[in-house]
K.L.:
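I have a structure I would like to understand better, so I am pasting it below and will then ask my questions one at a time.
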Amino acid sequence: MVKSIIQETDITRAKGWSGAVYLGDDLVLTDRINEVPMPTEPRNMNFIMIGLCIKGEVMYQLDTIKQVIKPGDILIVSDRHIVDSYQHSDDMEGLCMVMSVNFFREIIQNVSDLTSLFLFSRLHPVMRLEQEEIQTFKEYFHVIKEKIGDNRNHFQKDLIKALLLAMFYDLSNIIFRVKNNDNPKSRLEDIFTQFIKLVEMNFKHERRVSWYAQQLNITPKYLAEAVRHASHRTPNEWIDYYIILELRVQLRNTVKNVKVIAEELNFPNQSFLGKFFKDHVGMSPSQYRKS
């Protein structure tokens, strides 16, 4: 039997959605998600999606696990999840925003508490909101949508990033409430959260899985089991993920040459960094910077 290749989503396609407004290739908002044609085959997410169901019902599979979204539910889907079997009722209405992973990381990269809380949403992507929380999300959505349309504002992008950061704090407060009231952490989920915190603090100079296991006083095998259980990814994939994100940010937002970046991220040399980056991104650092 031939195994089918799971296609990746593309945030640029979202710019063509009904009612969509967008900020470059970083952020797309639509309040007419019910009119968006959804793929029938499995898709690998390569962006962050946040959606609020206002009316009707949505059903889909996330990493083969069935999810049902009802009015008042918020959906947070991170990258690298497999979405399949999407359906919605005829009367469904909702708000949806999608953003690139790089843009998301730029916004929250200096706030580790937000990162750890958003990790919880990887394991619990659908959460029920209280009435005040629903109204708060709607207000953020509409003011961000308004600012995307204000091209005369010299500080447009920075303003939108500030609004998104504020929204993430409010979303994280919801996650914090759900996490503590409704979903006691399992041991494996707890290990995963601690591992990610360690990676965030140390990935620039430490990439050995055995080192992270030692910090957590567990074996590398048990660490690998916990991380795979909680995230469907290996510890090495997570370490590489943070390195690549940092490289993307450095190449995109600084004028540092590749040799300096290689030294800061503890690569043996510039050539090693270039090969690592090309293996993961599909182009050289210089090509990425030009693009």
Side-chain angles (χ1 to χ4, degrees), residues 9-36 38 45-55 58 69 71-79 81 83 92-111 113-115 117-118 120-122 125-178 245 248-249 252-253:
T9 53
D10 186 351
I11 193 170
T12 58
R13 293 184 182 180
K15 293 160 67 172
W17 287 353
S18 297
V21 298
Y22 52 87
L23 184 69
D25 291 335
D26 288 320
L27 179 67
V28 181
L29 273 69
T30 180
D31 53 8
R32 290 156 56 185
I33 190 66
N34 54 306
E35 299 177 17
V36 173
M38 293 295 178
M45 296 285 290
N46 65 6
F47 51 68
I48 311 294
M49 174 182 285
I50 302 172
L52 173 67
C53 182
I54 296 173
K55 184 180 178 183
V58 177
I69 309 171
D73 287 347
I74 195 164
L75 163 73
I76 302 176
V77 181
S78 303
D79 64 304
H81 282 298
V83 176
M92 189 273 282
E93 295 179 11
L95 307 177
C96 179
M97 61 173 65
V98 298
M99 67 191 71
S100 69
V101 176
N102 288 345
F103 193 55
F104 175 75
R105 292 296 306 170
E106 284 178 29
I107 295 168
I108 71 166
Q109 63 180 328
N110 296 318
V111 193
D113 286 345
L114 290 188
T115 307
L117 286 170
F118 266 84
F120 178 79
S121 69
R122 281 187 168 273
V126 179
M127 289 170 283
R128 173 57 53 91
L129 301 191
E130 297 175 352
Q131 194 58 44
E132 289 183 2
E133 295 167 341
I134 294 172
Q135 186 58 34
T136 297
F137 181 80
K138 286 181 177 179
E139 290 171 358
Y140 276 121
F141 182 94
H142 291 299
V143 73
I144 291 170
K145 183 180 178 182
E146 177 186 335
K147 295 304 177 185
I148 289 176
D150 184 10
N151 296 319
R152 298 171 298 173
N153 192 321
H154 178 72
F155 303 100
Q156 181 193 41
K157 188 170 184 178
D158 289 329
L159 177 58
I160 290 171
K161 287 170 72 173
L163 288 168
L164 285 168
L165 179 59
M167 184 189 77
F168 289 151
Y169 271 113
D170 273 319
L171 285 178
S172 292
N173 190 54
I174 294 168
I175 295 170
F176 183 81
R177 169 179 62 76
V178 174
L245 283 177
R248 286 178 184 267
V249 170
R252 183 178 184 181
N253 299 314

K.L.:
Is there a donor-acceptor pair under 3.5 Å between the side chain of E133 and the backbone N or O of E130?
P.N.:
yes
K.L.:
In Å and rounded to the nearest 0.5 Å, what is the CE to CG distance from M97 to D31?
P.N.:
11.0 Å
K.L.:
Rounded to the nearest 0.5 Å, what separates atom CG in D26 from atom CG in N102?
P.N.:
8.0 Å
K.L.:
Is there a side chain to side chain contact (heavy atoms under 4.5 Å, CB included) between F141 and L52? Walk through the geometry before answering.
P.N.:
CA-CA 10 Å; F141 182 94; L52 173 67; over 6 Å; no
K.L.:
Listed by chain and number, what are the side-chain contact (heavy atoms from CB on, under 4.5 Å) partners of L163, not counting sequence neighbours?
P.N.:
V143, I144, K147, L159
K.L.:
Does E139 reach the side chain of Q135, with side-chain heavy atoms less than 4.5 Å apart?
P.N.:
yes
K.L.:
Taking all non-hydrogen atoms of both residues into account, name the closest pair between L129 and R177 and its distance.
P.N.:
CA-NH2, 4.2 Å
K.L.:
Would you compute the distance between atom CG of D25 and atom CD1 of I11 and round it to the nearest 0.5 angstrom?
P.N.:
7.0 Å
K.L.:
Which heavy-atom pair separates I148 from N151 by the least distance, and what is that distance?
P.N.:
O-OD1, 3.6 Å
K.L.:
Kindly give the heavy-atom pair with the smallest separation between A14 and V98, and that separation in Å.
P.N.:
CB-CG2, 4.0 Å
K.L.:
T30 side chain to C96 main-chain N or O, any donor-acceptor pair under 3.5 Å?
P.N.:
no
K.L.:
Would a 4.5 Å heavy-atom cut-off, applied to side chains only, mark D170 and M167 as touching?
P.N.:
no
K.L.:
To the nearest 0.5 Å, what is the distance between CG on L165 and CD on E106?
P.N.:
12.5 Å
K.L.:
Please evaluate residues I175 and I76 with respect to the criterion side chain to side chain contact (heavy atoms under 4.5 Å, CB included), reporting the C-alpha separation (whole Å), side-chain torsions for both, the decisive distance (0.1 Å), and the verdict.
P.N.:
CA-CA 10 Å; I175 295 170; I76 302 176; 4.1 Å; yes
K.L.:
Does the pair V101 and R248 meet the rule for a side chain to side chain contact (heavy atoms under 4.5 Å, CB included), with working shown?
P.N.:
CA-CA 10 Å; V101 176; R248 286 178 184 267; over 6 Å; no
K.L.:
How long is the gap from CD1 on I108 to NZ on K161, to the nearest 0.5 Å?
P.N.:
12.5 Å
K.L.:
Measuring only between side-chain heavy atoms, which start at C-beta, is F47 closer than 4.5 Å to V28?
P.N.:
no
K.L.:
Using a cut-off of 6.0 Å, state whether more than 12 heavy atoms not belonging to E35 lie near its atom CD.
P.N.:
yes
K.L.:
Does the pair R32 and W17 meet the rule for a side chain to side chain contact (heavy atoms under 4.5 Å, CB included), with working shown?
P.N.:
CA-CA 8 Å; R32 290 156 56 185; W17 287 353; over 6 Å; no
K.L.:
So, taking the atom named CG in L171 and the one named CD1 in I50, what distance separates them when rounded to the nearest 0.5 Å?
P.N.:
5.5 Å
K.L.:
Which heavy-atom pair separates Q156 from L23 by the least distance, and what is that distance?
P.N.:
OE1-CD1, 3.9 Å
K.L.:
Tell me if the aromatic rings of F168 and F104 count as close, with their centers under 6.0 Å from one another.
P.N.:
yes
